[in-house]
Number of protein chains: 2
Amino acid sequence: MAPPASDSRPTLKTIAFMTGLGITTVSRALKNAPDIGAETKERVRLVATQVGYHPNRAGVRLRTGKTNVISLILSLEEEIIGLTSPMVVGISEILASTQYHLVITPYSVGSDPLDPVRYVLDTGAADGVIISRTEPKDPRVALMMERNFPFGTHGRTEMGLVHPYHDFDNERFAYDAVRRLVERGRRRIMLLHPPPYLTYHMHMRAGFERGLQDFGATAVPFNNVDLDNSLADIREACEAAMRAKDAPDGVISGSGAGAVALVAGIEAAGLKLARDVDMVSKQSNDFLQWLRPEVITQREDFRLAGRELAKAVIARIEGRSGSELQTLSFPAPQK
Amino acid sequence: MAPPASDSRPTLKTIAFMTGLGITTVSRALKNAPDIGAETKERVRLVATQVGYHPNRAGVRLRTGKTNVISLILSLEEEIIGLTSPMVVGISEILASTQYHLVITPYSVGSDPLDPVRYVLDTGAADGVIISRTEPKDPRVALMMERNFPFGTHGRTEMGLVHPYHDFDNERFAYDAVRRLVERGRRRIMLLHPPPYLTYHMHMRAGFERGLQDFGATAVPFNNVDLDNSLADIREACEAAMRAKDAPDGVISGSGAGAVALVAGIEAAGLKLARDVDMVSKQSNDFLQWLRPEVITQREDFRLAGRELAKAVIARIEGRSGSELQTLSFPAPQK
DNA sequence: CTTTACAACTGTATCGTTACAGATTTTGAA
DNA sequence: TTCAAAATCTGTAACGATACAGTTGTAAAG
């Protein structure tokens, strides 16, 4: 057999030449196949690490169809990416000890969220996909289930389809938030909720309503804005609500960014946190705690979400059933 | 020629069969090669779009060595990823209209920043790389230059090597910041600077010193902490500085997160922004403006940085010289 | 001394693409 | 009419890996 070119990266051929074995043998030795002798395996492994052998991804992918890629599908809206970035950390932490690479598949604001999913499915760009902003009847989930393609969702669906997900218990969050406000003597409570088409809108509202019932408070309507509105819109709506008669004395925010706008609205109306109004907010970074420690915060751990979703998708790729791969993280009071 | 399997994705073979042409002809027609007839090209293109043909990336990669991948090398520290995430948006915006995919190559806190670069170089995982946290004598830059591998850096180097970069003019930022503080009657100025081993530390300090000279102010030493310290450490150091004699009456922060901690330190010392102390800060999101509008802010556009770097790396891959691919963005006063 | 069984190893074909070196047909000049 | 030059088109090999169907050689069983 001719010696392989020495200037480029080592391949199976390189190792085969160096050990005097066949290419197939080397390949099988490195995968620890049962029909290769123990001593041979040892020799092959030694040479492989010596020369710094890494299997050529294109070769593997072409032959086996396995891409060794997980795709994170991201909306490019700034607001959202801010939340999602700790997820990248969590996903990377898990993928680091595997063969998988993380590729970011974006979709732009105006375009169909199905597009990136279709792209991955049609081109076979990845072995598995992670999506967020999950809807109750999510067409992306329907499509991937139909094609039996491994994926995980950040958030749950309501379609009677069983699939891997990770979710934060927003029902519990809102319920606890009401309790905390009532404990501080607040009775008229306003909720800045997620956009109605996302699944966790229902969860958060359900927890909110249940809390109102159980703890004896009433809701102040706040339906003109949601977490997808601009901070300026939220601030303005909040200020108006605070100036109206029957203004709320307790506010719950579904995100840290929303809370910032709400605080601005409250203060623009001449009111003071903790004195006139109490507020409970989910937060993803610590800014809020530093600048308005009066706000009661609850951390949602997006990094954990990334880790759980990465583990779930890999397990799904390896054939585990969707029903074993569903996790929920519970809010723990923060202070 | 046998018809290709109809259940899977269309390949050149599929189109060759449908058009009755050879595989080579189809390949060359789709690349608009000069030795293919105009009518043939038209037919091939028509059929290709009809069946939804996408070239198989593994095939191309194996044959040509081109990965069509840009790798963004990211530190997984939460603080840093928070800043870097808008860069992902900018990069994606540019890559969207190309064949390139974006893969995130992480490195963990304790490990050698050279590791991910070596990985990409050794495995040929990408056609180009984007790095940040650039140092004056950056070993990653040296390595990639030596191997003649396309890359772009967020931040400049000081090694006499010409390579693509995008940078924010931190010298100008600090200079202007001093001017603004002096305009408000402040004379004793403290700077929360980046860690000393990053290149932009020099730039920011240089602008700071020059501003002090030109506008007649003095520096209050603040060398125990930098932007890489925890917010708690920064807050504490700031409070101590504010309580010391000859306390500063002006503060400059190299990042929005740092500013939050500084504000907390100032207020913990019983001082009030705008009244006792003025502050100028770079910011990446709007929180600071909402909660402490007294802070004078200057936006650094990381999304723009992502766009510029993506364009630069692609141009470098296409053979353009590094010297044409260096851009600097200038701070524009924000309000 | 066969035959069978098993352990250990190997060659060939193939995934989808493109570089390269032809092959075929058409055109046009002599 | 002939033949070189264009204009089009095509088969083969190769990139690196693996599935599959062998091929050895040795040891146990008959």
Side-chain angles (χ1 to χ4, degrees), chain A residues 1-45 47-48 51-68 99 122-125 127, chain B residues 1-44 48 51-68 99 122-125 127:
Chain A
M1 182 159 49
S6 61
D7 55 335
S8 61
R9 302 173 40 206
T11 69
L12 290 180
K13 204 167 169 182
T14 316
I15 301 175
F17 181 74
M18 292 176 75
T19 53
L21 295 164
I23 293 177
T24 302
T25 311
V26 174
S27 172
R28 297 187 55 68
L30 288 172
K31 325 195 107 53
N32 200 26
D35 63 349
I36 306 293
E39 193 218 356
T40 304
K41 283 179 187 171
E42 203 44 62
R43 251 176 65 226
V44 168
R45 275 196 278 261
V47 174
V51 300
Y53 170 75
H54 295 275
N56 181 303
R57 304 192 124 232
V60 175
R61 182 165 170 175
L62 184 55
R63 181 63 238 244
T64 66
K66 185 126 202 284
T67 63
N68 285 304
Q99 282 302 302
D122 290 350
T123 64
D127 296 334
Chain B
M1 183 159 53
S6 61
D7 55 336
S8 61
R9 300 174 42 206
T11 70
L12 290 179
K13 203 168 171 180
T14 316
I15 302 174
F17 181 75
M18 292 176 75
T19 54
L21 294 164
I23 292 177
T24 302
T25 310
V26 174
S27 172
R28 297 186 56 67
L30 288 172
K31 321 196 111 53
N32 199 27
D35 64 346
I36 305 293
E39 193 217 357
T40 304
K41 284 180 187 169
E42 203 44 63
R43 252 177 64 225
V44 169
V51 300
Y53 171 75
H54 295 275
N56 180 305
R57 305 193 122 229
V60 175
R61 182 165 171 175
L62 183 56
R63 179 65 239 244
T64 66
K66 184 125 202 286
T67 63
N68 285 305
Q99 284 300 304
D122 290 351
T123 64
D127 296 334

**OP:** With axes from five pairs an end, tell me the bend angle of the helix from C:dC1-D:dG30 to C:dA30-D:dT1, nearest 10°.
**Re:** 70°
[X] side chain near [N] phosphate (N/O to OP1/OP2, under 4.0 Å):
X     : N      : result
A:K13 : D:dG16 : no
A:T25 : C:dA8  : no
A:T11 : D:dC15 : no
A:S27 : D:dA17 : no

**OP:** Find which nucleotide of DNA chain C each of B:R57 and A:I36 is nearest to by heavy atoms, and output the residue with the more 5' nucleotide.
**Re:** A:I36
Original post:
Separation of A:E42 atom CD from C:dA8 atom P, in whole Å?
Top reply: 15 Å
Original post:
Rounded to whole angstroms, how far apart are CD1 on B:I15 and P on D:dT10?
Top reply: 14 Å
Under 3.5 Å, which N/O atoms of the protein pair with N/O atoms of nucleotides 4-6 of chain D?
none

Subject >> Contact nearer the 5' end of DNA chain D, comparing B:G37 with A:H54 >> reply: B:G37
Sub-3.5 Å pairs of nitrogen or oxygen atoms, protein against nucleotides 21-24 of chain C:
none

**OP:** With sequence neighbours excluded, tell me which residues meet salt bridge (charged side-chain N to carboxylate O under 4.0 Å, His left out) with A:R43.
**Re:** none
Original post:
Residues in salt bridge (charged side-chain N to carboxylate O under 4.0 Å, His left out) with A:R28, at least two apart?
Top reply: A:D35
Original post:
Is there a donor-acceptor pair under 3.5 Å between the side chain of A:D127 and the backbone N or O of A:T67?
Top reply: yes
Original post:
Which residues within residues 58-66 of chain B lie with some heavy atom under 4.0 Å of an atom in DNA chain D?
Top reply: B:L62, B:R63
Subject >> Minimum-distance nucleotide to A:I23 side chain [options: C:dT18, D:dG16, D:dT18] >> reply: D:dT18
Subject >> Interatomic distance, B:K41 atom NZ to B:K31 atom NZ [nearest 0.5 angstrom] >> reply: 12.5 Å
